Structure formats: C-alpha cells, structure tokens
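Please read the structure below before turning to the comments.
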Amino acid sequence: MSQNYNAYDNFLSVLDSAAKVAGYSEDDYAFLRQPERELKVNFPVRMDNGKVKMFEGFRIQHSTVRGPAKGGIRYHQDVDASTVRMLAAEMALKCAVANVPYGGGKGGIKINPREHSVTELERVTRKFTEMIAPIIGERTDIPAPDVNTNGQTMNWIVDTYGMMKGHTVYGIVTGKTLDNGGSLGRTEATGRGVSITALEMLKKMGKDVSKVRVAIQGFGNVGTYSAKLLKEAGAKIVAVTRSTGGIYSEKGLDIDELMAKNADGKLDFATYKKDGVVSIDNAKLLTCDCDVLIPSALGGQITKDNAKDIKAYLIVEGANGPTTEEADEILEKKGVKVIPDILANAGGVVVSYFEWVQNLQSFYWSEEEVNSKMTVLMKNAFNDVYNESTKRGISLRFAAYITAVDRIVKASKARGR
C-alpha cells in the first residue's frame, strides 16, 4: 500500500463520484462528508513485567441518522484516525445498504496484539472500555469485533461496562460468545454474507459454480467461512493466505482440513505439505490464476500497481476498503466486476443487528432462523444494488453508495434536518 494512501480521502473521493453520478448536490449529503463525533484517547496499562505502557485509541461515530452508531473495534499496529474515520463512514453506508436501523461507527487501538499476553490484552480492553464509555451505549453506539478482536474481547467490554453501570448490559456490544448473550450464526455471518453475494453475482453472470476457482486473501474469520461456504456450494478454493504466507493448488485445497488445523488460529502454512500444494504470499495471491478473488484481510491491498495484473473476473470485498479508487478505475476498464465491501461483508452487521434485537428482548433464536433471516436481507440488499447498477449503467460500488446515500439523506430530510 502506498505511503501516500489516505483511507478517508479515498472514501470521500468515491462518495463524491457516486453522488455526482446520482445527481445529488453537495448540500444533500454534506453531513456525510464529516463524522458526527470523534474521540481519541490515550491511556496507561501496566504490563506483565510491572512497567506501564501508554496506548492510543479511537472511537468515531460517523452518523446516527438511521439509528445507533454501529461498528467494530480493531487492534492493529497501523490503526490511526484516518483509517478509523474511513471505517466508521463505511459502516454508516453499509448499514444503510443492508437496510438495518443503524448508523455507523468504528473504534480501534494502536497495538500489535501478537506482542502481548492475554492478560495484557484484557487490561488494555478494560481500560479502553472505561475511556470510551461516555459515548457508547446500547441505544447510542454498539461496538463489535473487528481485526484481531473476538468474542472474548466483547465479553471483557460487557463485564467492564456492566460494572460501571451496576448491572449487566448485554446489548452494549455484539459478537459476544454464546454463553454471554451472543447469537447463534454470528461467528460465520460475515463470511456467509460474502458467499451469498458472490453466488448471487455468479448467477447473474451465468457462471457454473462447479467450475469457479476462488482465491482468498486472509484466512481469518471472514476468509475461513467464505472458503467453507463457497466450497460447500461447489466452488474450488485454489489459494488462501494469511499475514505469514499462504498456499496455492490448481486441484483445490481441502478447506475442512485447513480449518481443523487452524482451530487455535495458529496454522502455519510454511509447514503445510501436500502434493500439488505450493507456497504463495499475499501479493502473489492477488494476481494468481483464479476466477473469484476475495480480499478479506486489510485495506488498500488492490492498488494501481497490481490491479492490471489481476486475473479474476469477479472480486468480492470481504475486507473493509481493500481496493483503492485508482485500482477501481483500472478494474472497471478491464471488465472486472467488484462487489464492494459495504455490500459484500454486510452479513456481519446484519447478524449483529439480530444479536442486539435478541439482547433487548431477552429472547433468542435458533441458528436456522438467524441464517434464514440473514439470507433474505443479504439477497434483498444485493438485488437493490444490482438493479441500481443495471438501471444506471454504473459499477456496483457506485450503485451501493447511491443506495446508501439515498436512504440516509431521505431519513435526514424526513426529520427536517
């Protein structure tokens, strides 16, 4: 990713371009160009060795026009205000595309979790929760897991926030473990959403799924379940990677075996040996010989430097912001279809919404009910965007942005803002 790449500037550029295509004046959507509220925190945490270390964190609420802010918290050494700002903005649009009653927010801590013990991460999480507590709440801003955070992280937030309030508040976050107010179907929800939109697009393109070769960058939660569900649908998964490397096989990979080996999240592809399987890194995966490419790691992975070499005819954005605007232009000229992140990975926020509803009602649903309801919403969202794209003769990304902006602007005008 270029050192000059600014995630939020990239978001604004796409937003402005989409608004222009839709015929919006800047007055119509000016409030979407800036976050409603930004909180930057600096806090001390005592490490296992007894020394105190300072951490920097953010919680940004981009829009609450359509409902409470909603968005994950990521732990990564590259977290900064620009990145979190972009992610919060995209969450606002994602929730509108999925047509769930949320606005958009995001949070993060500048930290490399691999350098810290579980007890240190717990202390960091609890202190961060205290610092952002004034602006979060089950009716105002509801965090969730993101990169390098999980159900356990959310459990710590629930416990810390509950101690501050004097009672348990399950609805303060989503993505919790099942024994702490979580929802069935939440773990695989984002990957399921990716697979649903991919399969719907392949149908529109007239492709035989059994002949489709898929490459997935990022074998974390999203990539893992995308691979599993697409393989179950008949596709061949030819390549997967994670930050430390990856593997490629023309014959297809045994995803069930890889998932079993990665049960603890520590699968090392360098030690995985099997006939026909060769090593591949993240950069090579993006341009490998495949039909469907799913970038599900970090943002800014597909750029003007590698877009021209991509062989896939369909890209499904499992990650947030993996494609730069310059790359988008190159891909469109090549005829590559791109299902944008605010549509493709919306399955996570859809089931987060279901979890929140269940928490508020203290009434929980079966996994079959969760998956069934999620599939309906994801297919509706896909069709809304696809139809907008077809009607206007524009890319799916512009169509998704237009769909989202239209819903948010209408909500704002209906309130007389």
Side-chain angles (χ1 to χ4, degrees), residues 36-37 39 41 57-75 84 87-88 91-92 94-96 98-109 122 125-146 149-190 193 221 345-367 369-371 373-374 377 411:
E36 289 180 7
R37 184 178 290 108
L39 176 63
V41 298
F58 304 87
R59 187 66 191 176
I60 297 178
Q61 298 166 354
H62 189 83
S63 171
T64 56
V65 170
R66 284 174 47 87
K70 187 77 185 80
I73 294 174
R74 67 174 49 186
Y75 290 0
V84 178
L87 294 170
M91 278 303 303
K94 184 184 300 183
C95 291
N99 211 13
V100 293
Y102 281 144
K106 207 75 175 187
I109 301 175
E122 178 179 353
T125 301
R126 290 183 182 278
K127 188 61 180 178
F128 180 63
T129 303
E130 292 177 19
M131 298 296 287
I132 66 172
I135 70 167
I136 63 172
E138 63 179 347
R139 299 286 186 177
T140 54
D141 184 358
I142 306 130
D146 197 72
T149 56
N150 53 30
Q152 180 59 70
T153 315
M154 298 303 106
N155 291 348
W156 291 330
I157 294 176
V158 167
D159 189 57
T160 305
Y161 190 83
M163 286 191 289
M164 296 176 69
K165 294 296 182 181
H167 60 90
T168 300
V169 185
Y170 283 131
I172 186 58
V173 294
T174 58
K176 304 177 292 293
T177 60
L178 289 176
D179 53 5
N180 197 45
S183 173
L184 292 166
R186 176 61 185 85
T187 301
E188 64 269 36
T190 306
N221 176 273
N345 65 29
V349 78
V350 168
V351 179
S352 279
Y353 165 58
F354 294 162
E355 180 179 331
W356 179 66
V357 169
Q358 292 171 81
N359 291 157
L360 294 180
Q361 296 180 337
S362 296
F363 182 79
Y364 293 83
W365 310 341
S366 69
E367 186 169 5
E369 188 173 6
V370 170
N371 290 340
K373 290 177 183 295
M374 191 265 262
L377 286 187

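Sequential numbering from 1 along the given sequence is applied to the chain's residues. Values reported hereafter were calculated over all heavy atoms of this structure, with side chains retained and with hydrogens, waters and symmetry mates removed. Worth saying up front: this structure is predicted, and the values here are computed from it rather than measured.
- Atom NE2 of residue H62 and atom CG of residue L87 lie 12.0 Å apart, to the nearest 0.5 angstrom.
- Proximity of a side-chain donor or acceptor of W365 to a complementary backbone N or O of S183 within less than 3.5 Å is not detected.
- Residues V350 and K373 fail the side-chain proximity criterion, which asks for heavy atoms closer than 4.5 Å.
- A donor atom on one side chain and an acceptor atom on the other are not found under 3.5 Å apart for S362 and Y170.
- Ion pairing between a basic and an acidic side chain is recognised when a charged N comes within 4.0 Å of a carboxylate O; R126 and E122 show such pairing.
- Atom-to-atom distance recorded for R59:CZ and D141:CG is 4.0 Å, nearest 0.5 angstrom.
- Side-chain atoms of N221 come within 3.5 Å of backbone N or O of T187 as a donor-acceptor pair.
- Nearest heavy atom pair, residue V351 against residue L184, reads CG1-O, 4.4 Å.
- Within the structure, salt bridge (Lys or Arg N to Asp or Glu O under 4.0 Å) pairs that include any residue of residues 160-187 comprise K176-E355 (at least two apart or interchain).
- Without hydrogens or angle criteria, T149 side chain to I73 main chain gives a donor-acceptor distance under 3.5 Å.
- R139 contributes no side-chain N or O that, together with a main-chain N or O of P68, makes up a donor-acceptor pair within less than 3.5 Å.
- The side chain to side chain donor-acceptor pair (under 3.5 Å) check on T153 picks up N150, with sequence neighbours excluded.
- Across all non-hydrogen atoms, the minimal contact from A144 to K70 is CB-NZ, 3.4 Å.
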